[in-house]
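Worksheet: the structure to be examined is printed underneath.
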Amino acid sequence: MKHPLPAQPRHIGVLRLSALGDVCNLVPTVRALQRQWPEARITWIVGKAEHSLLAGLSGVEFVVYDKASGLAGMRALWRELSDTRFDVLLHMQQALRASVLSLGLKADVRVGYDKARAKDAQHWFTHRQLAPHPRAHVLESFLDFARLMGIEEPSLEWNLAIPPAAHDEARSLTGDTRYLLMSPCANPRLRNFRNWSAEGYAAVVQHAWEQHGLRTVLTGGGSTQEREVGERIQALCPAEAVIDAIGNTSLKGLLALIDAAEAVIAPDSGPVHMANALNTPTVGLYATTNPDRAAPYRWRDFVVNRYPQAVRTYLHKEVEDLPWGQRVRHPDAMSLIRADDVIERLEAALQYAADHSTERTLADDET
């Protein structure tokens with residue numbers, strides 16, 4: 001017998017710890033729940049870095065779990081929520097750590113992914129599973145939770161909070177100049193070959209500067225790899241064309257920079273989804289990740305997509321023959337992207353933005 005879902009939930013729990021791009025893609029589901037049940041209390045259990053990005057999200061209480069704290073941190077969180085019982089817990093993280101964390105939470109019904117999408121046997125930890133949705137985009141997979149709860153046509157709404165101090169932080173770097181934002185590096189994980197070449201990025205920077213008078217703000221974390229890539233890009237470009245902000249922004253400051261940018265260029269990483277949430281034109285660079293699953297959702301038409309070619313070249317298969325979400329883990333895959341590909345998509349995105357500037361302004365007001 002299926003556990004019944006509450007018709008009028010009073011307290012909804014959301015369990016999604018990471019990552020930056022994924023939590024951005026989840027926000028429209030939270031907004032859909034808020035529209036359907038405006039009186040319901042929503043508590044989101046989230047990772048530490050992700051909370052610093054989402055802090056101030058209206059109508060949401062956050063409980064932060066620092067993954068570095070391990071089991072001790074889990075016990076502390078369980079104590080913090082010992083008097084809390086959710087009418088429904090939306091278990092939206094397909095990872096064993098999150099499933100173990102869920103065991104110490106009290107809920108009348110726990111909802112998770114269907115067996116085909118559940119990783120690390122997540123379906124063993126839930127009472128109800130989503131209806132199958134083969135080959136779904138990540139954002140659509142999150143919206144499936146709202147659909148299971150009875151919300152038939154959830155619309156896309158973000159309204160991320162950007163405090164005045166974050167806008168001040170951004171202006172201290174850019175002044176009043178018009179600029180592109182370029183985040184060259186994805187998270188440096190093992191065999192996570194998502195980064196394009198410094199030479200390719202530099203060609204795009206040069207084009208934006210010479211053809212549009214746009215400077216390029218380079219952003220990223222403070223890792224050695226990111227700083228070295230930024231230095232190589234700058235060495236290949238006119239000094240006046242680049243503003244180096246690598247390692248010099250908070251996450252809220254990065255949001256403010258993205259919000260004011262003419263466009264964003266980045267590989268499959270948090271910034272493309274942050275830009276998507278803020279309705280900033282976005283050129284995503286995809287060869288090792290399938291953009292049909294993980295592209296910036298509102299800007300899928302401006303993705304540089306070399307994933308099918310990478311699958312044929314390095315896996316000797318066709319996309320439809322692969323498990324959904326499989327990456328091409330080859331260090332040369334991103335080299336299939338050419339500078340001309342990126343420039344062509346950038347031109348299309350800038351033209352679209354110029355043609356729809358009023359629409360973007362209205363969407364910014366809503367977002």
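We count residues from 1, following the sequence as given.
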Does the side chain of [X] reach to within under 4.5 Å of the side chain of [Y], using non-hydrogen atoms?
| X | Y | answer |
| --- | --- | --- |
| Glu262 | Pro281 | no |
| Asp87 | Gln8 | no |
| Gln94 | Asp120 | no |
| Tyr286 | Val272 | yes |
| Tyr314 | Asp332 | yes |
| Glu80 | Val63 | yes |
| Leu180 | Arg215 | no |
| Pro163 | Lys252 | yes |

I'd like to know if the side chain of [X] pairs up with that of [Y] as donor and acceptor (distance under 3.5 Å, no hydrogens or angles considered).
| X | Y | answer |
| --- | --- | --- |
| Thr282 | Arg298 | no |
| Arg312 | Gln309 | no |
| Thr29 | Arg147 | no |
| Glu169 | Ser250 | yes |
| Arg327 | Thr288 | no |

Counting only N and O atoms by type, is there a donor-acceptor contact under 3.5 Å from the side chain of [X] to the main-chain atoms of [Y]?
| X | Y | value |
| --- | --- | --- |
| Ser69 | Ala72 | no |
| Trp44 | Arg16 | yes |
| Tyr65 | Gly70 | yes |
| Arg194 | Asp268 | yes |
| Thr177 | Thr174 | no |
| Lys317 | Leu322 | no |
| Thr313 | Ala310 | no |
| Asn195 | Ala186 | yes |
| Arg135 | Arg293 | no |
| Trp158 | Cys24 | yes |

**Request:** Take Trp299 and Tyr352, measure what ring pair (Phe, Tyr, Trp, His ring centres under 6.0 Å) needs, and give me the verdict at the end.
**Result:** CA-CA 11 Å; Trp299 301 101; Tyr352 180 93; 5.7 Å; yes
**Heavy-atom closest pair, residues Ala136 and Trp324** = O-NE1, 3.0 Å
**Message:** Which heavy atom of Leu285 sits nearest to which heavy atom of Trp196, and what is that distance?
**Reply:** CD1-CE3, 3.6 Å
Straight-line distance of [X] [atom1] to [Y] [atom2], nearest 0.5 Å:
| X | Y | atom1 | atom2 | value |
| --- | --- | --- | --- | --- |
| His316 | Asp321 | NE2 | CG | 13.5 Å |
| Thr219 | Glu226 | OG1 | CD | 9.0 Å |
| Glu153 | Ile151 | CD | CD1 | 12.0 Å |
| Ile258 | Thr280 | CD1 | OG1 | 7.0 Å |
| Ser269 | Asn187 | OG | CG | 9.0 Å |
| Leu181 | Leu214 | CG | CG | 12.0 Å |

**Message:** Does Ser141 form a side-chain hydrogen bond (donor to acceptor under 3.5 Å, both in side chains) with Arg117? I'd like the steps, not just the answer.
**Reply:** CA-CA 9 Å; Ser141 282; Arg117 283 183 281 181; 3.0 Å; yes
What about [X] and [Y], are their ring centers closer than 6.0 Å?
| X | Y | value |
| --- | --- | --- |
| Tyr297 | His137 | yes |
| Phe145 | Tyr113 | yes |
| Trp209 | Tyr179 | no |

**Request:** Would you check, one step at a time, whether the test side chain to side chain contact (heavy atoms under 4.5 Å, CB included) holds for Val60 with Val14?
**Result:** CA-CA 10 Å; Val60 178; Val14 173; over 6 Å; no
**Prompt:** Looking at Glu50, Gln93, Lys48, which hits side chain to side chain donor-acceptor pair (under 3.5 Å) with Ser18?
**Reply:** Gln93
**Item:** Within 6.0 angstrom of Glu320 CD, more than 12 heavy atoms from elsewhere
**Value:** yes
**Prompt:** Is it true that atom CZ of Arg178 has more than 12 heavy atoms of other residues, nucleotides or ligands lying nearer than 6.0 Å?
**Reply:** yes
**Message:** One pair to check against side-chain hydrogen bond (donor to acceptor under 3.5 Å, both in side chains): His212 and Glu347. What are the steps and the verdict?
**Reply:** CA-CA 10 Å; His212 298 282; Glu347 288 293 325; 2.5 Å; yes
**Ring geometry between Phe62 and His51 (parallel below 30°, tilted from 30 to 60°, perpendicular above 60°)** = perpendicular
**Request:** Indicate the ring-plane relationship of His11 and Phe86, choosing parallel, tilted or perpendicular according to the 30° and 60° boundaries.
**Result:** perpendicular
**Asked** Between Gln122 and His91, does a side chain to side chain contact (heavy atoms under 4.5 Å, CB included) hold up when you go through it step by step?
**Response** CA-CA 9 Å; Gln122 190 222 39; His91 185 351; 3.3 Å; yes
**Request:** Would you sort out whether Asp244 and Gln234 count as a side-chain hydrogen bond (donor to acceptor under 3.5 Å, both in side chains), showing the intermediate values?
**Result:** CA-CA 8 Å; Asp244 181 12; Gln234 291 181 78; 3.2 Å; yes
